[in-house]
Amino acid sequence: MKLQLHNTLTKRKEEFVPLDPSNVRMYVCGPTVYDFAHIGNARPVVVFDTLYRVLKRLYPRVEYARNITDIDDKIIARALESKRTIDEITQETTRAYHEDMAALGALRPDHEPRCTQTVPEMVAMIAKLVASGHAYAAEGHVMFNVPAYAEYGRLSGRSRDDQIAGARVEVAPYKKDAADFVLWKPSTPEQPGWESPWGRGRPGWHIECSAMSEKLFGPTFDIHGGGQDLIFPHHENEIAQSVCAHDGVQFVKYWMHNGFVIVNGEKMSKSLGNFYTVRDLRDRAPGEAIRLLLLKTHYRAPLDFTDDGLKQAKGELDRWYRALASVQDADEEISDIPLPVEQGGVLEDLMDDLNTPMAIARMHALADFVLNPTSHSHMPSGAPAIYTKGQLKHRLLLNARLLGVLTQTPDAWFKWTPSGNEGPSAADIEAAIQARLDARKAKNFAEADRIRDDLKAKGVILEDGPKGTTWKRG
RNA sequence: GGCCGAGUAGCAAAGUGGUAAUGCAUCGGAUUGCAAAUCCGAUAUGCGGCGGUUCGAUUCCGCCCUCGGCCUCCA
């Protein structure tokens, strides 16, 4: 089985053949740091983090870059209205972003370039585009001249005529062509800016990714990812800039785009204000549950975010953690029934264009098997084998690692407390459990049940097992 | 208007040219003092609609309907 990925460029699944198997390179568009990340921002992070984990399993060296956009008019506007400095905003937001993404189990990328540290490279690339006739300076701006690149529109599948016909923006007078887009724009003295051959100014939106990827990866690399909304114009423009700045050399081999997160069937976006921040969600559910929710839907399909979905994702993880907790290290109960999933099943699912729902189904089958190794519901198929519970648990954990879940102990998982901590403390709960135990010993079941119901009303669920009573928060 | 994507059980969500994974919910049963958890079993004659290709289509093709997205900052 070979890695198959859907390429937006060809609109089909293709076998992934790296440019250089000894160094696979992936670039994903990162956040503009002016506000907390919302669940829609989190989706590409989790999706491409999962791909990163798969790639690392398959190739000896993978370089993953995700930029931080810290020059942007939205940041400037935020600084003005909040009366804080741009540095304060970008640093604070970047830190929050790192915390939030870590909570979602996302590994840190190998590179995290910042626009503010790549301005000279951007200026150099723009100068090159001007020199080669693909761009021109006008009224302090530098514009990319779209007609100068014949292939423009290939990624998004729209012709230049379509674009002009559908244009809803006013055409700036300094544009030679209605489709031209800005590479560099002038800054007023109050606005942040850098000296350039065209005067003091700042980069346009698209040039940053072209310059940063070139700096890290050279003119060509393997995978470029992002949300579907970036296909046009952002990625289309990146291609134009990079290809023209590199004498027609291919920019990216595989373009990958995740679908949108919607809320109650409606688009979620910052401009509509109907979004959940990761930060808020983290108060309501463990990060792993948020992560699993994002992986329960195939990455290219739209994902409708609901509270119920979050609850369900948590419930599925509950079961997996229960499976882990059911196996003591010394437990050597064995099964002679073949594993319900073949070797590397989860990996193979993920290698099929990141089929996370299928991978999750396999995780369930594996968890079932861990809980009940001698079950006859797991239809034998393939060569017979004998597994101990310990081996099955190990397999479950190995597969979970690919999905970025089951990273904590079952105990920690079940004692997770929502922030704001409305429920009783762990000590209170333990005391109540002891009181209930005494009541049960005395056969005072009415009192025992009252205690249990009381805890349940406070969101704590008790489970009487052979090894005593355990609890979790519902 | 142009371009793109989606419509599968109560909900969520995979998948396949040969008769529908998985999770939740629901209904039986085992277990339990009762629960929870766990286990056993049941639950879509059906995959938006209408045609076509085919021995056979949910799966391919065409048309239609509905919904969403992009074309402007946005993951």
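Atoms considered below: every heavy atom in the structure, side chains included; atoms not considered: hydrogens, waters and symmetry mates. Below, read A as the first sequence line, B as the second, and so on, with proteins coming before strands; counting in each chain starts at 1.
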J.: With sugar-phosphate meaning primed atoms plus P, OP1 and OP2, does A:H257 contact a base, only sugar-phosphate, or nothing at under 4.0 Å between heavy atoms?
T.: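 No contact at all - A:H257 keeps every heavy atom at 4.0 Å or more from the nucleic acid.
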J.: Does A:R291 reach the main-chain N or O of A:L403 with its side chain, forming a donor-acceptor pair under 3.5 Å?
T.: yes
J.: Just by distance, do the side chain of A:D49 and the backbone of A:L107 share a donor-acceptor pair under 3.5 Å?
T.: yes
J.: Stems in RNA chain B: runs of 3 or more consecutive Watson-Crick or G-U pairs, distances under 3.5 Å?
T.: B:1-7 with B:65-71, B:10-12 with B:22-24, B:26-30 with B:38-42, B:48-52 with B:60-64
J.: Counting side-chain heavy atoms from CB outward, which of B:G33, B:U22, B:A37 is closest to A:A448?
T.: B:G33
J.: Does A:E447 come within less than 4.0 Å of A:R450, counting only side-chain N to carboxylate O?
T.: yes
J.: Of all the choices, B:A35, B:C39, B:A13, which nucleotide is nearest to the side chain of A:D464 once you look at every atom?
T.: B:A35
J.: In whole angstroms, how far is the P atom of B:C4 from the CD1 atom of A:I231?
T.: 11 Å
J.: Determine yes or no for a side-chain-to-main-chain donor-acceptor pair under 3.5 angstrom, with A:R25 supplying the side chain and A:F217 the backbone.
T.: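 Here the side-chain-to-backbone pair exists.
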J.: A:R322 has a side chain; which of B:U38, B:A36, B:A14 sits nearest to it?
T.: B:U38
J.: Donor-acceptor pair under 3.5 Å: do we get one between A:N355's side chain and the base of B:G15?
T.: no
J.: Counting the atoms with a prime plus P, OP1 and OP2 as sugar-phosphate, which does A:L462 contact under 4.0 Å by heavy atoms, base, sugar-phosphate, or nothing?
T.: base
J.: How long is the straight-line distance from CZ of A:R322 back to CG of A:L324, given to the nearest 0.5 Å?
T.: 11.5 Å
J.: Is it true that a side-chain atom of A:D180 and a backbone atom of A:K175 form a donor plus acceptor pair closer than 3.5 Å?
T.: no
J.: If you check every side-chain atom of A:F232, which of B:G33, B:C70, B:A21 has the closest atom?
T.: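 Selected nucleotide: B:C70.
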J.: Nearest whole angstrom, please: distance from the P of B:A37 to the OH of A:Y321.
T.: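 Atom OH in A:Y321 sits about 19 Å away from atom P in B:A37.
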J.: Which whole-number value in Å describes the distance from A:L155 CG to B:G5 P?
T.: 13 Å
J.: Can you tell me how far C1' of B:A14 sits from CE of A:M363, to the nearest Å?
T.: 17 Å
J.: Using heavy-atom distances to pick each residue's nearest nucleotide on RNA chain B, tell me which of A:R43 and A:K11 is more 5'.
T.: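 The residue whose closest nucleotide sits nearer the 5' end is A:K11.
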J.: Ignoring hydrogens and angles, answer whether the base of B:G23 and the side-chain atoms of A:R319 contain a donor-acceptor pair closer than 3.5 Å.
T.: no
J.: Determine whether the aromatic ring centres of A:F36 and A:Y97 lie less than 6.0 Å apart.
T.: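 Not under 6.0 Å, so no.
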J.: Report the distance from atom CG of A:L292 to atom P of B:U22, rounded to the nearest whole Å.
T.: 17 Å
J.: Donor-acceptor check, side chain of A:S242 to backbone of A:I239, threshold 3.5 angstrom: yes or no?
T.: no
J.: Please give the distance between the C1' atoms of B:G51 and B:A57 as a whole number of Å.
T.: 13 Å
J.: In whole Å, I'd like the distance from the OH atom of A:Y299 to the C1' atom of B:A14.
T.: 15 Å
J.: Mapping A:L303 and A:E463 onto RNA chain B by nearest heavy atom, which one lands closer to the 5' end?
T.: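 This one resolves to A:L303.
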J.: Describe, in one word, how the ring planes of A:F305 and A:Y276 are oriented to each other, choosing from parallel (under 30°), tilted (30 to 60°) and perpendicular (over 60°).
T.: tilted
J.: Is there a side-chain contact between A:S156 and the phosphate of B:C3, meaning an N or O under 4.0 Å from OP1 or OP2?
T.: no
J.: Once you measure the plane-to-plane angle for A:H38 and A:F275, does it fall in the parallel (<30°), tilted (30-60°) or perpendicular (>60°) bin?
T.: tilted
J.: Has the side chain of A:R452 got a donor or acceptor atom sitting under 3.5 Å from an opposite partner on the base of B:A35?
T.: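 It does, because a donor-acceptor pair links the side chain of A:R452 to the base of B:A35 below 3.5 Å.
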J.: Counting side-chain heavy atoms from CB outward, which of B:G23, B:G33, B:A75 is closest to A:H38?
T.: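 Of the candidates, B:A75 comes closest.
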J.: For nucleotides B:C40 and B:C4, find the distance between their P atoms and express it as a whole number of Å.
T.: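 Per the computed distance, 48 Å lies between those P atoms.
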J.: Let me know the distance between CG of A:D100 and P of B:A75, rounded to the nearest Å.
T.: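 About 15 Å, once rounded to whole Å.
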J.: Looking at RNA chain B, which of residues 309-318 of chain A put a heavy atom within less than 4.0 Å of it?
T.: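 Within residues 309-318 of chain A, the residues near RNA chain B are A:Q312, A:E316.
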J.: When the distance from NZ of A:K456 to P of B:A35 is rounded to whole Å, what number comes out?
T.: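 One finds 11 Å between P of B:A35 and NZ of A:K456, rounded.
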J.: Counting only heavy atoms not in A:R154, do more than 12 fall under 6.0 Å of its CZ?
T.: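 Not more than 12 within 6.0 Å, no.
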J.: As a test of reading the structure: which of B:G33, B:A75, B:A37 is closest to the side chain of A:N258, going by heavy atoms?
T.: B:A75
